Engineer: 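Structure provided below as structure tokens; questions to follow.
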Amino acid sequence: MRIARYTTGEDPCYGVVEKDGGRLVVARIHGDPIYQPVTFTGERTPLEDVRLLAPVIPRSKVIGIGRNYADHAAEMGSTPPAEPMIFLKPNTAVIGPGDPVVMPPQSREVHYEGELAVIIGKVCKDVPRERALSVVFGYTCGNDVTARDLQRSDGQWSRAKGFDTFAPIGPWVETELDPSGLRLTTRRDGEVVQDGTTADLIHDVPTLIAYASAAFTLLPGDIILTGTPAGVGPVAAGQRVEVEIEGIGILSNPFVTR
Ligand code: MG
């Protein structure tokens, strides 16, 4: 299922994105599908008539993984770490599809990083790798926006990756997907700048869940950004970045200055 969070001008709600003849519609569901089974209200709205929102708002954390593709580690002039390299982005950085990424005046070098985002569906701790996919609610596209100059100068990555709007996710959560071999493409103003596959993840999704949950209790709605392939680069104000992942869809956000 493709589960969207959206508004038609009223309070945010959830729905399943479905084909209906030649168009896509959103079939509204009761409540929050992370916490209750999907049951339909009967209300159906053409997708083009709703505003999609971030498909999940993590109550606690966005977990980032650094240098998890060998070609990206190489372009950064480093080697991949033996174990997953974890950092955190605050949940206040999360925005939805179409929302503007606001580039802060503190940085002169804001980069896109297209990534597969894993949405956790259960409270869990110390999840064995073999059972890791059972705690996943679904997958969406993510952009681990990074102030590259501040990442270098700060030493710690919290500020460089944690500015408001630096974690776009969407357009919806795909709940039935094998995350192990998905093509991931990033476009900047239509030009393909990243073209990778999650088959090249150094530490795969089950490994990342096991590793992260050995450190932190994971809560429903927590997000793991799994790392970016080669081809990261700067964005100028007025440009648009699209992250497309096979089997999910396209996340598109304009970049602006404040
Ligand atoms: Mg990243």
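Here, residue 1 is the first one in the sequence, and each next residue gets the next number. Whatever order the structure lists ligands and atoms in, that order sets their numbers, starting from 1. Please read these numbers as outputs of a predicted model, since none were measured by experiment.
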Engineer: Go through the steps for Glu18 and Arg23 under the test salt bridge (Lys or Arg N to Asp or Glu O under 4.0 Å), then give the verdict.
Structural biologist: CA-CA 8 Å; Glu18 300 177 335; Arg23 63 178 189 176; over 6 Å; no
Engineer: Could you state whether Leu182 and Ile250 fall into the same hydrophobic cluster, counting links through intermediate Ile, Leu, Val, Met, Phe, Trp or Tyr residues with side-chain heavy atoms under 4.5 angstrom apart?
Structural biologist: no
Engineer: Which N, O or S atom name in Glu113 marks its closest approach to the Mg ion (ligand 1)?
Structural biologist: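 Restricting Glu113 to its N, O and S atoms, the minimum distance to the Mg ion (ligand 1) goes to OE1.
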Engineer: Dump the intermediate steps for salt bridge (Lys or Arg N to Asp or Glu O under 4.0 Å) on Arg258 and Asp164, then the final yes or no.
Structural biologist: CA-CA 11 Å; Arg258 192 154 44 182; Asp164 289 352; over 6 Å; no
Engineer: Which N/O/S atom belongs to Asp144 and is the closest one to the Mg ion (ligand 1)?
Structural biologist: OD2
Engineer: If you measure only the distance, is there a donor-acceptor pair under 3.5 Å linking the side chains of Ser60 and Asp222?
Structural biologist: yes
Engineer: Would you name the N/O/S atom of Glu115 that lies closest to the Mg ion (ligand 1)?
Structural biologist: OE2
